[in-house]
Amino acid sequence: MALLTRTRFLAGLVAVTLAGAFPATAAEAPTVFAAASLKNALDDIAGSYAKEGKPAPKVSYAASNTLAKQIEQGAPADLFFSADLDWMDYLAKKDLIQPDTRVSLLANSIVLIAPKDSKAEVKMGPGLDLTAALGTGKLAMGNVEAVPAGKYGKAALEKLGGWAGVKDRIAQAESVRAALLLVSRGEAPLGIVYATDAAADANVKIVATFPAESHPAIVYPVAITTDSRNPDASALLAYLRGPTAKAAFEKQGFTVLNRSATAAQ
């Protein structure tokens, strides 16, 4: 009996020693695939989240269409944060998001911008004509067939009658931030971006705001992906819906909706 007790004691001692030699692996940070226009806000939110002792999320920024296609091809994302409903619907129809986690979190608006020293003036409304303000330059936009900001911009131009005059003079960019950069650098005299993008770049100014009724509602949905196995994904999503994130989003000019959405809209 004494020998058996001693054996058990030694086995326990070895187990404790080994546990000390190999500390528990830290929780892996969740990965977020997020629309480029969310960068300023999400960078702030990721920092705040980490300060609370959570694993800082890894955020990959690009156009929503690019990110959705990457997820479809198997890229390891825990959350998808899109700049429009269409690309979230795209993944939903392929069963690549968890529908019960889907939230319509934010709203935005689109604006016409110019370099900060530009004297361009545009009368926004029906009969919109950008040709005079463009001069010999081009209109910077996200890809009008795929990038959400580009799609919204094209819809607004068509609604207001301005598309025909500029359709052959578009500098199409891979993301809304890339379109912003063209104007910020003075490489394009005008551009269409989100109001939040314009506010994030001191080298551009807003010339006019497109009426909300001229394009589909600009809604940013977020959801956990079907393939996510990260236990912190749900906590991060809850944080994105919480008061600290709300303040960060509003600071950048977003309107916080925070509406659960369990079906394509």
Side-chain angles (χ1 to χ4, degrees), residues 29-50 52 54-68 70-71 77-93 96-111 142 147-149 151-152 175-177 193-200 212 215-228 230 232-265:
T31 298
V32 183
F33 277 20
S37 52
L38 290 163
K39 178 172 174 52
N40 295 66
L42 284 187
D43 282 353
D44 287 347
I45 292 167
S48 299
Y49 192 69
E52 296 190 9
K54 306 289 183 61
K58 297 174 288 187
V59 188
S60 178
Y61 298 105
S64 301
N65 57 298
T66 299
L67 297 171
Q70 289 176 351
I71 291 172
D78 295 299
L79 280 83
F80 177 49
F81 204 158
S82 175
D84 73 353
L85 298 172
D86 289 349
W87 286 108
M88 185 65 78
D89 290 345
Y90 178 86
L91 292 186
K93 290 173 183 175
L96 292 173
I97 63 163
Q98 299 179 31
D100 58 332
T101 68
R102 179 172 171 172
V103 178
S104 291
L105 190 55
L106 306 174
N108 209 339
S109 58
I110 53 171
V111 297
V147 176
K151 292 162 60 182
Y152 293 130
S175 72
V176 68
R177 284 296 172 102
V193 300
Y194 297 116
T196 50
D197 295 308
H215 54 78
I218 301 174
V219 177
Y220 286 61
V222 60
I224 297 174
T225 64
T226 301
D227 290 341
S228 174
N230 193 309
D232 203 45
S234 295
L236 177 58
L237 179 58
Y239 193 82
L240 290 173
R241 302 183 69 180
T244 301
K246 181 176 187 290
F249 287 130
E250 290 179 339
K251 178 183 177 183
Q252 297 300 326
F254 290 99
T255 297
V256 177
L257 303 174
N258 203 2
R259 297 195 304 250
S260 294
T262 57
Q265 301 178 36

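Keep in mind that the numbers below use all heavy atoms, side chains included, and drop hydrogens, waters and symmetry copies.
- The distance from atom OG1 of T225 to atom CG of D78, rounded to the nearest 0.5 Å, is 5.5 Å.
- No side-chain heavy atom of Y90 sits less than 4.5 Å from a side-chain heavy atom of I71.
- Checking each of V32, T101, V59 against L79 for a side chain to side chain contact (heavy atoms under 4.5 Å, CB included) leaves exactly one that passes, namely V32.
- Note: D197 CG to N40 CG = 8.0 Å, rounded to the nearest 0.5 Å.
- Across V176 and A149, no two heavy atoms sit closer than the pair CG2-CB, 3.6 Å.
- Between D89 and R102 a salt bridge is recorded (basic side-chain N to carboxylate O distance below 4.0 Å).
- Checking side-chain atoms of S64 against main-chain N and O of A83 turns up a donor-acceptor pair under 3.5 Å.
- In plain terms, the two heavy atoms of P148 and W87 that are nearest each other are CG-CD1, 4.1 Å.
- The nearest pair of heavy atoms linking A217 to Y152 is O-OH, 3.7 Å.
- Put simply, CG on N108 and OH on Y194 are 7.0 Å apart, with the number rounded to the nearest 0.5 Å.
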- Message: Run the side-chain contact (heavy atoms from CB on, under 4.5 Å) test on L38 and L106 for me, step by step, so that the C-alpha distance in whole Å, both residues' side-chain angles and the decisive distance to 0.1 Å come before the verdict.
- Response: CA-CA 10 Å; L38 290 163; L106 306 174; 3.6 Å; yes
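- Contact detail for A34 and L42: the closest heavy-atom pair is CB-CD1, 3.4 Å.
- Counting all heavy atoms, side chain and backbone alike, A41 lies closest to F249 at CB-CD2, 3.7 Å.
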- Message: The test is side chain to side chain donor-acceptor pair (under 3.5 Å); show your working for D232 and Y239 and say whether it passes.
- Response: CA-CA 11 Å; D232 203 45; Y239 193 82; over 6 Å; no
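- Taken from CD1 in I110 to OG in S37, the straight-line distance is 12.0 Å, to the nearest 0.5 Å.
- In this structure, OG in S104 is found 13.0 Å from OH in Y220, a value given to the nearest 0.5 Å.
- Nearest heavy atom pair, residue Y61 against residue A35, reads CD2-O, 3.8 Å.
- At a threshold of 4.5 Å between non-hydrogen side-chain atoms, the residues S260 and R241 count as touching.
- Between the CG atom in D84 and the CG atom in D86 there is a gap of 4.5 Å [rounded to 0.5 Å].
- Contact annotation: the side chain of L105 never approaches that of F254 to less than 4.5 Å [non-hydrogen atoms, C-beta and beyond].
- The environment of NZ in K246 is sparse: at most 12 heavy-atom neighbours from other residues, nucleotides or ligands sit within 6.0 Å.
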